[in-house]
Amino acid sequence: EHFKRPDAATVPNWISLKASAREAARPAAPLPGLREGTQPILVVSQMIEGKGQDFAIDLFLELRRLRPEVKLYLAGGTNGNANNERYRLTILEKIERSGAAQDIVLLGEVRGILPLMKSAGCVLRPSRAESFSRVHLEAMACACLLIATDVGSTSEVVSDLADGVVIRWGDPSGAAAKVAQVLSDPELVARLRAKAAQTVALRFAAEKIAPELRRLVLGGRLPCAGS
């Protein structure tokens, strides 16, 4: 909002569709414990308290009462940070106390995350605070069902029940009910996944933004975001 002025232009973050498609096409390692009929939900984030893995577990425990076929996967490491390591231990303890440890899997650091996203088909972003999340774009570019908390820039990227699912952070029961309702409608899930890929292609593709940025740098003008 601060940059919506006549002498300024807003350029959104972007993702290369060609590079993403190449990476996503690589074979993904099988998700541990995934059986036929299981619905994987993949959380992709470093083990940092603000990224909300604790909320993801609370949501999952509520969701599995409504949709017993779900299984939660947490992908992301700690980067060797002491605070992150402590947070990881609290997550492990929470999983052990949950009574659902068999359905919550810590994958650790994953290299080449896009094939795993595409394989899972459903990505949860449970952050309690977020800037412009590249993971949102990666998940949508892979035509995943993106479930994201209503924090930070989520509203700039995701339109609720149009190309993703926006949930309220801190309300695991309400979020679980909403997600369960979406998962119970395969046609809606298919529409949201297809629309997610379209949104990225239309608004956040590097192939589209880069020429506009080049014109700006060379002295042209870009329309401000939202204009």
Side-chain angles (χ1 to χ4, degrees), residues 13-36 38-60 63 69-96 98 100-149 152 154 157-158 164-165 179 193 196-197 200 204 206:
N13 204 341
W14 62 75
I15 185 170
S16 170
L17 298 182
K18 292 180 180 178
S20 298
R22 284 196 303 269
E23 182 179 345
R26 296 174 182 169
L31 288 166
L34 188 64
R35 300 180 298 275
E36 186 176 356
T38 300
Q39 170 62 64
I41 298 177
L42 177 66
V43 175
V44 178
S45 181
Q46 293 296 309
M47 277 285 176
I48 300 171
E49 188 170 0
K51 295 299 184 180
Q53 285 88 349
D54 51 342
F55 175 61
I57 293 171
D58 291 338
L59 188 163
F60 172 75
L63 180 60
E69 75 277 13
V70 294
K71 193 176 184 77
L72 183 65
Y73 293 87
L74 305 174
T78 64
N79 283 331
N81 180 280
N83 289 332
N84 297 348
E85 293 285 357
R86 284 192 289 271
Y87 179 59
R88 180 178 179 276
L89 291 177
T90 67
I91 292 300
L92 287 171
E93 292 170 1
K94 190 178 184 74
I95 292 171
E96 290 177 4
S98 71
Q102 72 279 6
D103 289 323
I104 305 174
V105 181
L106 266 65
L107 298 173
E109 193 73 42
V110 176
R111 299 180 67 87
I113 194 66
L114 267 62
L116 195 61
M117 286 183 175
K118 187 174 182 180
S119 174
C122 180
V123 173
L124 169 63
R125 294 289 288 162
S127 302
R128 66 182 65 188
E130 192 66 72
S131 57
F132 194 105
S133 173
R134 181 173 176 82
V135 175
H136 284 28
L137 299 185
E138 290 174 333
M140 295 171 78
C142 290
C144 291
L145 174 64
L146 175 63
I147 304 165
T149 48
T154 292
V157 182
V158 185
V165 182
V179 173
R193 293 180 63 173
V200 171
F204 301 106

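Index from 1, following the sequence. Model, not experiment: these values are computed from the prediction.
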Problem - Intermediate values then yes/no, side chain to side chain contact (heavy atoms under 4.5 Å, CB included), S133 and V157 - result: CA-CA 9 Å; S133 173; V157 182; over 6 Å; no
Exercise for the section: Start with the C-alpha gap between M117 and V135, add the side-chain angles, then the distance that decides, and say whether side chain to side chain contact (heavy atoms under 4.5 Å, CB included) holds. Expected result: CA-CA 10 Å; M117 286 183 175; V135 175; 3.6 Å; yes
Handout entry: Check against side chain to side chain contact (heavy atoms under 4.5 Å, CB included), T38 and L31
Key = CA-CA 11 Å; T38 300; L31 288 166; over 6 Å; no
Handout entry: Steps toward side chain to side chain donor-acceptor pair (under 3.5 Å) verdict (Y87, D54)
Key = CA-CA 9 Å; Y87 179 59; D54 51 342; 3.1 Å; yes
Exercise for the section: Go through L72 and L63 one step at a time and tell me if the side chain to side chain contact (heavy atoms under 4.5 Å, CB included) criterion holds. Expected result: CA-CA 10 Å; L72 183 65; L63 180 60; over 6 Å; no
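Between the N79 side chain and the N81 main chain, no donor and acceptor come within less than 3.5 Å of each other. Looking at R193, its side chain does come within 3.5 Å of a backbone N or O of A143 through a donor-acceptor pair. Of the possible donor and acceptor atoms, none in the side chain of R125 sits under 3.5 Å from a partner among the backbone N and O of T149. Judged by distance alone, with hydrogens and angles left aside, the side-chain atoms of E109 form no donor-acceptor pair with the main-chain N or O of Q46 at under 3.5 Å. Side-chain atoms of K71 come within 3.5 Å of backbone atoms of Q102 as a donor-acceptor pair (strictly under, hydrogens ignored). Between the side chain of S127 and the backbone N or O of E130, no donor-acceptor pair lies under 3.5 Å. With S119 contributing its side chain and L116 its backbone, the two residues share no donor-acceptor pair below 3.5 Å.
For Q39, there are no side chain to side chain donor-acceptor pair (under 3.5 Å) partners two or more places apart in sequence or in a different chain. Legend: residues meeting ring-ring contact (aromatic ring centres under 6.0 Å, His included) with F55, ordered by chain and number and at least two apart, are W169. For D58, the side chain to side chain donor-acceptor pair (under 3.5 Å) test picks out K94, with sequence neighbours left out. The side chain to side chain donor-acceptor pair (under 3.5 Å) search around T78 returns E85, not counting sequence neighbours.
A distance of 6.5 Å separates OG of S16 from CZ of R22, quoted to the nearest 0.5 Å. Remark: M140 CE to L145 CG distance equals 10.5 Å, nearest 0.5 Å. Note that the SG atom of C142 and the CD1 atom of I15 stand 7.0 Å from one another [nearest 0.5 Å]. Rounded to the nearest 0.5 angstrom, I41 CD1 and D103 CG are separated by 11.0 Å.
For the pair I48 and Q53, the tightest heavy-atom approach, listed with the atom from each and the gap, is O-OE1, 3.4 Å. L107 and P32 make their closest contact through CD2-CD, 3.7 Å (heavy atoms, listed as atom of the first residue, atom of the second, distance). Heavy-atom minimum distance, W14 versus A206: CD1-CB, 3.3 Å.
For residues 105-149, the pairs satisfying ring-ring contact (aromatic ring centres under 6.0 Å, His included) are F132-F204, with sequence neighbours left out. Residues in residues 136-149 take part in these salt bridge (charged side-chain N to carboxylate O under 4.0 Å, His left out) pairs, two or more places apart or across chains: R134-E138.
Within the 4.5 Å cutoff, the side chain of P126 has no heavy atoms near those of the I57 side chain. When side chains are defined from C-beta on, Y73 counts as touching L34, because their heavy atoms get closer than 4.5 Å. Between T90 and E49, the closest side-chain pair of non-hydrogen atoms is not below 4.5 Å.
Within 6.0 Å of atom CZ in R88, 12 or fewer heavy atoms from other residues, nucleotides or ligands are found, so the atom counts as exposed in its surroundings.
Screening L42, V179, L146, I147 against C122 for a side-chain contact (heavy atoms from CB on, under 4.5 Å) leaves a single residue, I147.
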